[in-house]
Structures are given as structure tokens and as C-alpha cells.
Colleague: 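My questions all concern the structure below.
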Amino acid sequence: MKIIKLFVFLVFLLTIPCITSCKKKSPEAIIFDNSHPLALAPDVEWAVVTEPYAVFRDTDEWGGATAGHCRKGEILQVKGKSVDAQKEKWYYFEGGWLPQNCVSVFSNRYKAQTVSNRLLSGEK
């Protein structure tokens, strides 16, 4: 009789944690950042300006007129690419053309954002 009482008691002790741990938890909502809908688009590239100060050109060559300016850490969507007569690669952005040595190019905006944050914080 004592063994049966002990068995019932042990079963009771083991079922309490099982019953209380199986409560239905409210689902956590996943919030998507829609501020940049092309951030993960496979055919869109993103660039981070790596120079402290860079000048946009109106053409894809060093002799082109100044079309604007940008600063280190800025993230820009690549709109086009070109190679000049000296075999230097140029990237076209909304503000104009920048040479390859002024930017680092990434396959998505989130990678570019990570590098931009590191550049601006002084990390290597």
C-alpha cells in the first residue's frame, strides 16, 4: 500500500510541471522594415562611401564636372556601372558617378548598413 501511495505521489509531482509548462504563449509579431523595399532584391546592389568626402561626377570619368558630394558612411543604391578608358570601374548613383576606389559595393542593404555603422564608429 505504501508503494502505491508513493507511486501516485510521484506521478502527481511529475504531471504538475508538464501541465503548467504547456500554456499557450501569445505569438510574437515579426515586424518587417519596409522603409527600403529593395533592401534584399537580388538584382539591386548597394554601396557605402569609404572616403571621408567624395565628389559625384556628371560622367564616368575624372574630367567630368562636379554633380554633387557625399560623405563617408553614406549608403547609396547602385543604378548603373561603367568602365572608363583607363579600365577603372565607375558606379552610377542618384547623385552622379563615383569611382570604385571611393565605395564598397554589397549585394543587399543590410550588409551595407553593417559596414556603414562600422565605418562611422571607427571600427576596422
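Fair warning: this is a prediction, and the values are worked out from it, not measured in the lab.
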Colleague: Could you list all the salt bridge (Lys or Arg N to Asp or Glu O under 4.0 Å) pairs where at least one residue sits in residues 55-78, not counting sequence neighbours?
Modeller: none
Colleague: Looking only at the aromatic ring of each residue, does the gap between the centers of Trp62 and Trp97 stay below 6.0 angstrom?
Modeller: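 Not close enough - the centres of the two rings lie 6.0 Å or further apart.
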Colleague: Quick one, Tyr91 with Val103, criterion side chain to side chain contact (heavy atoms under 4.5 Å, CB included). Give me CA distance, side-chain angles, the key distance, then yes/no.
Modeller: CA-CA 9 Å; Tyr91 292 95; Val103 296; 3.9 Å; yes
Colleague: Let me confirm one number: the CZ-OG1 distance from Phe106 to Thr114, rounded to the nearest 0.5 Å.
Modeller: 8.5 Å
Colleague: With sequence neighbours left out, what residues match Lys79 under salt bridge (charged side-chain N to carboxylate O under 4.0 Å, His left out)?
Modeller: none
Colleague: Applying ring pair (Phe, Tyr, Trp, His ring centres under 6.0 Å), name anything that partners His69, two or more places apart in sequence or on another chain.
Modeller: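 His69 satisfies ring pair (Phe, Tyr, Trp, His ring centres under 6.0 Å) with Tyr53 once adjacent residues are dropped.
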Colleague: For the residue pair Leu98 and Phe93, establish whether any side-chain heavy-atom pair is separated by less than 4.5 Å.
Modeller: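 The answer is yes; the side chains approach within 4.5 Å.
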Colleague: When you group the ILVMFWY residues by side-chain heavy-atom contacts below 4.5 Å and let the links chain together, are Val78 and Ile75 in the same group?
Modeller: no
Colleague: Could you list the donor-acceptor pairs under 3.5 angstrom formed by side chains in residues 38-52, with sequence neighbours left out?
Modeller:
from: Glu45; atom 1: OE1; to: Lys81; atom 2: NZ; distance (Å): 2.9
from: Thr50; atom 1: OG1; to: Cys102; atom 2: O; distance (Å): 3.1

Colleague: Check ring pair (Phe, Tyr, Trp, His ring centres under 6.0 Å) between Phe56 and all other residues, then give those that pass, not counting sequence neighbours.
Modeller: none
Colleague: Output every pair passing salt bridge (Lys or Arg N to Asp or Glu O under 4.0 Å) with a member in residues 82-104, not counting sequence neighbours, ordered by first then second residue.
Modeller: none
Colleague: Side chain to side chain donor-acceptor pair (under 3.5 Å): which pairs involve residues 102-113, sequence neighbours left out?
Modeller: His36-Arg109, Ser107-Lys111, Gln113-Asn117
